[in-house]
Visitor: 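Would you mind keeping the following structure in view while I ask a few things?
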Protein chains: 2
Amino acid sequence: MSETTKQPLRLALAGLGTVGAGVIRLIETNAALIERRCGRPLRIVAVSARDRGKDRGVDLTPYAWEDDMTALSARDDVDVVVELVGGSDGPALTLARKAIADGKAFVTANKAMIAHHGLGLARVAESAGVPMRFEAAVAGGIPVIKGLREGAAANEIERVYGILNGTCNYILSTMEDTGRDFADVLSEAQAMGFAEADPTFDIDGIDAAHKLSILASIAFGTQLDFSSVDAVGIRRVLAADIAQAESLGYVIRLIGMARVEGSEDGKKRLFQRVHPYLVPKNHPLAHVDGATNAVVAEGNFSGRLLFQGAGAGDGPTASAVVADIIDIARHWESENEIDPAFSIPVGELDATVPAQTGDRVGKAYLRFMVADRPGVLAELAAAMRDGGVSIESLIQKGEGSDGAVMVAMVTHEGEEGCVVKALDLLAGSDSLTEPPLVMHILKQ
Amino acid sequence: MSETTKQPLRLALAGLGTVGAGVIRLIETNAALIERRCGRPLRIVAVSARDRGKDRGVDLTPYAWEDDMTALSARDDVDVVVELVGGSDGPALTLARKAIADGKAFVTANKAMIAHHGLGLARVAESAGVPMRFEAAVAGGIPVIKGLREGAAANEIERVYGILNGTCNYILSTMEDTGRDFADVLSEAQAMGFAEADPTFDIDGIDAAHKLSILASIAFGTQLDFSSVDAVGIRRVLAADIAQAESLGYVIRLIGMARVEGSEDGKKRLFQRVHPYLVPKNHPLAHVDGATNAVVAEGNFSGRLLFQGAGAGDGPTASAVVADIIDIARHWESENEIDPAFSIPVGELDATVPAQTGDRVGKAYLRFMVADRPGVLAELAAAMRDGGVSIESLIQKGEGSDGAVMVAMVTHEGEEGCVVKALDLLAGSDSLTEPPLVMHILKQ
Ligand SMILES: NC(=O)c1ccc[n+]([C@@H]2O[C@H](COP(=O)([O-])OP(=O)(O)OC[C@H]3O[C@@H](n4cnc5c(N)ncnc54)[C@H](OP(=O)(O)O)[C@@H]3O)[C@@H](O)[C@H]2O)c1
Ligand SMILES: NC(=O)c1ccc[n+]([C@@H]2O[C@H](COP(=O)([O-])OP(=O)(O)OC[C@H]3O[C@@H](n4cnc5c(N)ncnc54)[C@H](OP(=O)(O)O)[C@@H]3O)[C@@H](O)[C@H]2O)c1
C-alpha cells in the first residue's frame with residue numbers, strides 16, 4: 001500500500017455485540033481525529049453477526065452485511081478483519097485462519113482464542129506477511145501489550161503481574177467494603193451486569209489465566225503456555241478472610257503472576273499463577289478497586305511500571321481494538337516488515353518448562369475451619385512444625401454458625417513446599433471441617 | 001536502510017552523566033535481548049562529554065571519543081544521535097539542529113529543550129525525513145508519550161494530568177508522613193541527592209510545566225505552548241496545610257493539569273496549570289508517594305488510564321531513551337514514512353489561545369494567616385460573600401509562633417473568578433500577615 005498511504009484503511013467487523021457495537025460507535029464518533037492521527041481515514045466496509053435484525057444501537061445501513069462471517073475476509077474491498085465474536089475455537093478461529101490466509105490484517109479481542117491458538121495464528125500471519133494484533137485481549141482498555149512490547153522493550157522483565165479480571169476485583173472489593181459474603185455479592189454483580197450468567201471463566205481464574213499467559217509470552221519472549229497456568233479462583237474466599245487480612249495490613253486480590261527463571265540445565269522455567277493473594281496495603285495494587293484492572297511490569301532498568309484502567313466494557317475495549325487498527329493504518333505498507341504479534345517471531349520465542357512451585361520462597365496465609373474441641377490447635381501446630389513451617393501470627397476466631405472455629409495464620413517467609421507438606425500431614429484429619437485455604441502474600 | 005535491516009543501528013551519545021552512563025549500562029547489560037526484540041543490534045559508536053578523564057563507572061574504551069559534541073553528528077558511521085546533555089538552549093540545541101540537518105535520527109531526554117524548541121525541531125526533522133523522539137523527557141521511565149500517541153490514539157483526550165515532578169512529590173509525601181516543614185525536608189532531599197543543589201526548576205513547578213506542555217501537545221494535537229502554563233510550585237505549602245487537608249479527606253500533590261476547550265469563536269482554548277492540588281484520598285493519584293510519577297489520561301472511550309512508575313533516575317530514564325532507540329531500530333527504513341514526533345505533523349497541530357481560568361468551576365482550599373484580633377473572621381467572611389464564594393467548611397487553628405492564626409476553608413463548587421475577586425477584596429488588608437494560599441481541589 002505504499003503508493004496509497006492516503007487511502008482509507010478498510011475494515012470488516014465480525015461480531016456486533018458489546019465490543020463490536022462499541023467499535024462502530026468509536027470509529028464514527030472519533031472519525032476526524034483518527035484520520036488526523038493516522039494520516040488516513042478508517043472505513044468500515046462490511047459487518048457480520050448472527051442476527052441481522054437485532055437492534056444494536058448503531059446504524060448498520062452504511063455497511064455491507066454478510067450472513068457468513070468468513071465471507072468478510074473474501075472481500076476485495078477489505079484490508080483488516082476484526083474478530084469480536086469470542087470463543088477459543090469455532091467460528092472465531094475459522095475466521096482468523098481464513099482472514100490471514102486471505103492476506104488480511106487480523107485484529108481480535110479474543111483472549112481465549114489467543115491463549116489457545118495465538119502462537120499458531122501468529123506463525124501463519126508472519127509467513128503471510130500480515131499484521132495480527134490483540135491489545136484488547138488483555139486488560140481491556142489498558143494499552144499494556146504495547147506498553148510491554150514497546151514501552152518497556154529495553155528491559156529484561158523480572159515479574160509481570162496484575163489484576164486481570166474485573167469481575168473478581170469487583171466482587172472482592174465489594175466484599176471488602178460491605179463485609180458481605182461471596183455468593184451474595186456475586187448474585188448482585190450478575191443482576192447488575194458486572195458478571196456473566198455463567199461466571200465460571202471469571203470466578204475460577206480462567207479468564208485471568210488466558211490473559212496472564214499472553215502477557216508472559218510478550219514480557220519474557222517465551223512460547224505462550226496457557227496449559228501450565230496454575231489457576232485458582234475466588235470462590236472459597238470468605239468475608240472473614242478479608243477481615244482477617246485487613247487486620248494484618250493486607251487486602252485480598254485475584255492476582256495473575258508470572259516470572260521466568262533460569263536453571264542449571266539451561267532450560268527456562270516459566271512460573272504462571274492466578275491465585276487470590278494477600279496484597280500489602282502500601283502496594284499500588286491494593287488501591288485498585290471495583291472493575292478496574294492493573295498490570296505491573298518490573299524491568300531491570302525501568303523498575304516498577306504500573307498500567308491501570310478499565311479492564312472491560314464497550315468503550316474501553318473498543319479503544320484498545322481501534323488502537324491496534326490505528327497502528328496498522330500507520331505502519332502497514334506492502335513492502336515493509338511487520339512487527340510480529342508476540343514482538344519477536346514465533347520461531348524465536350524460547351521454549352520453557354513449567355517452574356516447580358515447591359521451592360518458591362514466600363509468606364502465606366493459611367485458614368482452617370476446625371471442630372471446636374480440645375487438641376485441635378495442637379494438631380495444627382504440630383503439622384506446621386513437622387512440615388517445617390514457621391508461624392508469624394495466628395488468630396483463632398469464635399465459633400461459626402455450624403460450630404466450626406476459624407484459625408488463620410500467616411507464616412514466616414519459607415518454602416512453599418513446606419506448606420504443602422504440612423497440609424498433607426493434616427489431610428484426612430477429622431478435626432478439619434473443610435479443606436484449608438492457602439493464599440500467598442504478594443512480595444513488595 | 002531497507003536492504004540492511006539486519007545491520008546494527010549505530011548510536012552516538014552526547015552527555016555521559018546520570019542518564020548517559022545509564023544508557024551505556026543498559027545497552028551493554030541487555031544487548032542480547034534488545035537484539036532479539038529489534039531484529040538487529042544497537043551499537044554505540046562514539047560518545048562525548050565535557051571531561052574525558054572523569055570516571056563514569058562505565059568503560060568508554062570501546063567507543064570513539066569526540067571532544068566536540070557536534071562532531072558526533074558529522075560521523076558517517078552514526079545513524080542516531082542521542083542527546084543527554086540538558087539545557088533548553090546552548091550546546092544541546094546546537095547538537096539537535098546539526099544532527100537533524102545531517103540526516104541522523106535524534107533522541108533526547110531534554111524536556112526543557114523540547115518545551116522551548118520542540119515544535120521547531122520536529123518541523124525540520126519532518127522535512128529531513130528523520131525520526132525525533134523524546135519519551136524520557138516526560139515522566140522518566142514511564143512510557144507515557146507512547147501510551148498517549150499510540151495506546152490511547154483512538155480517543156479524544158478530555159483531560160491529561162499527573163504527578164510530573166518526583167522531587168516535589170518526595171517532599172510533599174515526606175511532609176505528610178513526618179509532619180515536618182518544607183524547608184527541612186528540602187534540605188534533607190538535597191543531602192540525599194533527591195533534589196538538586198539549585199532546586200528552583202523542580203520546586204517552582206517549571207520542570208513539571210515543561211513536561212505538561214509536551215503531554216498536552218501530544219494528547220490534544222495542539223501546538224506546544226510552554227509559555228502559557230500557569231505554574232506555581234510547592235514552596236508555600238505548610239505542614240499545617242497538609243494536616244488540614246488530611247482531616248478533610250485529601251492529600252496535597254503538585255499536579256500538572258491540561259485540557260482543551262472549544263469556544264464560540266471556533267478557537268481552541270488550552271488550559272495548562274501546574275499547582276499544588278488537594279487530591280481526594282480515593283483518587284489513584286492520592287496513593288502516589290515518594291519520587292514516583294504518574295500520568296492520567298481520560299479518553300472519551302477508554303475512560304481513565306493511569307501510567308505510573310519512576311519519574312527519574314539513571315535506570316528508568318535510560319529505559320525510556322532506549323525504548324525510543326528500539327522504535328527507530330524497528331521502524332526506520334529509508335523508504336518509509338516516519339511517525340511525526342508530536343504524533344501528527346507540526347503543520348497540522350491546532351493553534352490555541354490560553355484558556356481563561358476565571359470561569360472555571362471547582363472547589364478550592366483557601367488558607368489565610370491572620371492577626372489574632374476581633375473582627376478578622378468577619379472580614380474574611382464578608383470578602384467571601386462579596387466575591388460570591390460559598391464556604392463549605394472552615395477551620396480556625398490556634399496561634400502560630402508569630403502570633404498569627406491560621407484560617408483554612410474549603411469552598412463549595414463555584415467559579416474560580418469569584419475566589420479571585422474575594423481575595424482582591426482582601427488585598428492590602430492588614431489583617432493578613434501573609435498573602436493567602438489557594439489550592440484547587442482535583443475533581444474525581
Ligand atoms: N465485553 C467486554 O468487555 C470484553 C472485553 C475484552 C475482550 N472481550 C472479548 O471480545 C469478544 C466479544 O465480546 P463481547 O462482549 O462483545 O461479546 P457479545 O456481546 O456476546 O457479542 C458477540 C457477537 O458475536 C456474534 N456471534 C456469536 N456467535 C456467532 C456466530 N457463530 N456467527 C456469527 N456471529 C456470532 C454475536 O451475534 P448476535 O449479536 O447476532 O448474537 C454478537 O454480535 C470476546 O472474545 C470477548 O472475550 C470482551
Ligand atoms: N537525571 C534524571 O533522572 C533525568 C530524568 C529525565 C530526564 N533527564 C534529562 O536528561 C538530560 C541529562 O540529565 P543528567 O541527569 O544525565 O545530567 P548530568 O548528570 O548533569 O549529565 C550531563 C552530561 O552532559 C555533559 N555536558 C554538560 N554540558 C556540556 C557541554 N557544554 N559540552 C559537552 N558536554 C556537556 C556533562 O559532561 P561532564 O560529565 O564531562 O561534565 C555530563 O556528562 C537532561 O536534559 C535532563 O533534563 C534526566
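In what follows, chains carry the letters A, B, and so on, assigned in the order in which the sequence lines appear, proteins first and then strands, with residues in each chain numbered from 1.
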Visitor: Might you confirm whether atom CZ of A:R43 has over 12 heavy atoms from other residues, nucleotides or ligands at distances under 6.0 Å?
Guide: no

Visitor: Parallel, tilted or perpendicular: which one describes the rings of A:H287 and B:H287, with boundaries at 30° and 60°?
Guide: parallel

Visitor: Which residue in the set A:K146, A:R37, A:R330 passes salt bridge (charged side-chain N to carboxylate O under 4.0 Å, His left out) when paired with B:E150?
Guide: A:K146

Visitor: For chain B, which candidate among A:V288, A:V322, A:I34, A:I326 shows the most heavy-atom pairs at distances under 4.5 Å?
Guide: A:I326

Visitor: Among A:I27, A:L305, A:V321, which residue forms the greatest number of heavy-atom pairs with chain B at distances under 4.5 Å?
Guide: A:L305

Visitor: For B:R149, is it the side chain, the backbone, both, or neither that has a heavy atom closer than 4.5 Å to a heavy atom of chain A?
Guide: backbone

Visitor: Sequence neighbours left out, what passes salt bridge (Lys or Arg N to Asp or Glu O under 4.0 Å) with A:R123? Give chain and number order.
Guide: none

Visitor: If you count heavy-atom pairs under 4.5 Å between each of A:A323, A:A152, A:A154 and chain B, which one has the most?
Guide: A:A154

Visitor: What is the minimum heavy-atom distance between A:L349 and B:R36, and which atoms define it?
Guide: CA-NH2, 3.7 Å

Visitor: Which residues in residues 289-302 of chain B have any heavy atom lying under 4.5 Å from a heavy atom of chain A?
Guide: B:N300, B:F301, B:S302

Visitor: Measure A:F220 against the heavy atoms of chain B and call it side chain, backbone, both or neither at under 4.5 Å.
Guide: backbone

Visitor: Report, by ascending residue number, the residues of residues 310-318 of chain A in heavy-atom contact with chain B at a distance under 4.5 Å; give 'none' if the set is empty.
Guide: A:A310, A:G315, A:P316

Visitor: For the interface with chain B, which of A:G147, A:A320, A:G22, A:G221 has the highest count of heavy-atom pairs at distances below 4.5 Å?
Guide: A:G221

Visitor: For B:N155 versus A:S319, what's the shortest heavy-atom pair and its separation?
Guide: ND2-OG, 2.8 Å

Visitor: Can you list the residues of residues 131-144 of chain B that sit under 4.5 Å from chain A, counting heavy atoms only?
Guide: B:G141, B:I142, B:P143

Visitor: Do you know which of A:S343, A:G151, A:G309, A:P345 has the most heavy-atom pairs under 4.5 Å to chain B?
Guide: A:G151

Visitor: Using a 4.5 angstrom heavy-atom cutoff, name the option from A:G303, A:A153, A:P340 with the most pairs to chain B.
Guide: A:A153

Visitor: Could you look at A:P284 and say if it's the side chain, the backbone, both or neither that has a heavy atom under 4.5 Å from chain B?
Guide: side chain

